[in-house]
Amino acid sequence: QVQLVESGGGLVQAGASLRLSCAASGRTFSVYAMGWFRQAPGKEREFVAAISSSGGRTYYADYVKGRFTISRDNAKNMAYLQMNSLKAEDTAGYYCAARWFPGDRPMGVMTDWYSYWGQGTQVTVSS
C-alpha cells in the first residue's frame with residue numbers, strides 16, 4: 001500500500017519552468033516504479049515520464065522532447081518532474097502513479113500498468 005500526493009503546480013507563462021513533487025507514504029517506496037501522467041479536459045490520461053525503482057531507467061513521451069526530467073529521492077520518499085520550456089499545450093492536471101516493481105527491469109508506460117494514483121496537481125501555461 002502506498003499513498004501519493006502531488007504538489008508544485010500553478011499558473012505560469014510559456015517558457016517558464018516548474019518542478020512537480022510527488023510525496024509517497026509507506027516504508028517500501030524504494031521498490032516502486034513511478035510514473036507521471038497528465039490529463040487535459042476532454043482527453044484521455046496520457047503518459048509523460050516514468051522511472052524505475054532504483055532510478056536507473058527513465059522513459060519519456062516523445063512530445064516532451066528533452067524538456068522534462070523525471071527523478072526520485074528514495075531516502076525522502078519523493079519523486080519529481082522538472083518541467084522546462086513549458087508550452088500552452090502542456091496545460092493539464094498532472095498525476096503521480098506507482099507500482100511495486102523492484103529492480104531496473106523494463107517497465108510499463110500505460111495507465112493500466114500502475115496500481116496507485118495521486119489526486120493530481122494543475123499546471124496551466126499561458127501564452
Side-chain angles (χ1 to χ4, degrees):
Q1 177 179 328
V2 61
Q3 293 176 303
L4 307 173
V5 179
E6 303 93 335
S7 62
L11 173 62
V12 298
Q13 298 270 37
S17 296
L18 283 173
R19 189 174 81 157
L20 306 184
S21 298
C22 177
S25 64
R27 62 180 71 248
T28 57
F29 178 73
S30 63
V31 295
Y32 282 83
M34 303 295 297
W36 285 97
F37 293 77
R38 68 188 187 186
Q39 187 169 22
K43 295 187 176 182
E44 295 292 319
R45 190 166 297 186
E46 63 183 8
F47 170 75
V48 175
I51 188 167
S52 61
S53 59
S54 68
R57 295 181 185 270
T58 57
Y59 305 81
Y60 296 95
D62 289 341
Y63 50 77
V64 172
K65 298 181 179 180
R67 298 180 297 122
F68 295 179
T69 302
I70 188 170
S71 62
R72 66 191 298 157
D73 186 339
N74 286 348
K76 298 180 179 179
N77 279 21
M78 297 288 291
Y80 306 97
L81 184 68
Q82 179 66 45
M83 309 165 70
N84 297 329
S85 301
L86 284 162
K87 305 174 180 179
E89 54 261 43
D90 295 319
T91 296
Y94 282 73
Y95 298 84
C96 181
R99 172 171 170 160
W100 187 89
F101 200 71
D104 286 335
R105 298 171 290 162
M107 52 186 288
V109 296
M110 304 298 292
T111 57
D112 289 348
W113 193 81
Y114 292 85
S115 303
Y116 304 97
W117 294 85
Q119 295 297 310
T121 185
Q122 179 66 34
V123 172
T124 302
V125 184
S126 64
S127 300

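Sequential numbering from 1 along the given sequence is applied to the chain's residues. All figures in this text were calculated on a predicted structure; none of them were measured in a lab. Side chains are part of it too, since the values below use all heavy atoms of this structure and drop only hydrogens, waters and symmetry mates.
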is_close_aromatic(W36, F68), centroid dist under 6.0 Å: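 No, ring centres 6.0 Å or more apart.
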is_close_aromatic(F37, Y114), centroid dist under 6.0 Å: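 Yes: the rings meet the under 6.0 Å criterion.
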Using the rule that two of Ile, Leu, Val, Met, Phe, Trp, Tyr join whenever any of their side-chain heavy atoms come within less than 4.5 Å, decide whether [X] and [Y] are in one cluster.
X	Y	result
L86	Y63	yes
W117	M78	no
Y116	W113	no
L4	L18	yes
V123	Y60	yes

Which pair of heavy atoms, one from [X] and one from [Y], lies closest together, and at what distance?
X	Y	result
Q39	K43	NE2-O, 3.1 Å
S71	I51	CA-CD1, 3.8 Å
S17	S85	OG-N, 4.2 Å
T121	E6	CG2-CB, 3.9 Å
R99	S115	CG-OG, 3.9 Å
A24	F29	CB-CD1, 3.4 Å

Could you tell me whether the side chain of [X] and the main chain of [Y] form a donor-acceptor pair under 3.5 Å?
X	Y	result
T91	V125	yes
N84	G66	no
S54	G103	no
S25	Q3	yes

How many angstroms lie between atom [atom1] of [X] and atom [atom2] of [Y], to the nearest 0.5 angstrom?
X	Y	atom1	atom2	answer
R67	K87	CZ	NZ	4.5 Å
D73	S30	CG	OG	11.5 Å
M34	L81	CE	CG	11.5 Å
Q82	I70	CD	CD1	12.0 Å
T28	N74	OG1	CG	10.5 Å

Y80 six-ring face occupied by R19 cation (under 6.0 Å, within 45°):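 Here R19 passes the 6.0 Å and 45° test against Y80.
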Row check, Y32 ring normal vs R72 NZ/CZ: under 6.0 Å, within 45°: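 No; the conditions do not both hold, so R72 does not lie above the ring face of Y32.
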Using a 6.0 Å cut-off, check whether atom [atom1] of [X] has over 12 heavy atoms from anything other than its own residue.
X	atom1	value
Q122	CD	yes
E46	CD	yes
E89	CD	yes

Heavy-atom side-chain contact between V48 and V64 under 4.5 Å: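 Counting from C-beta outward, V48 and V64 do come under 4.5 Å.
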Minimum side-chain heavy-atom gap W100-V31 below 4.5 Å: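 Yes. Closest side-chain heavy atoms under 4.5 Å.
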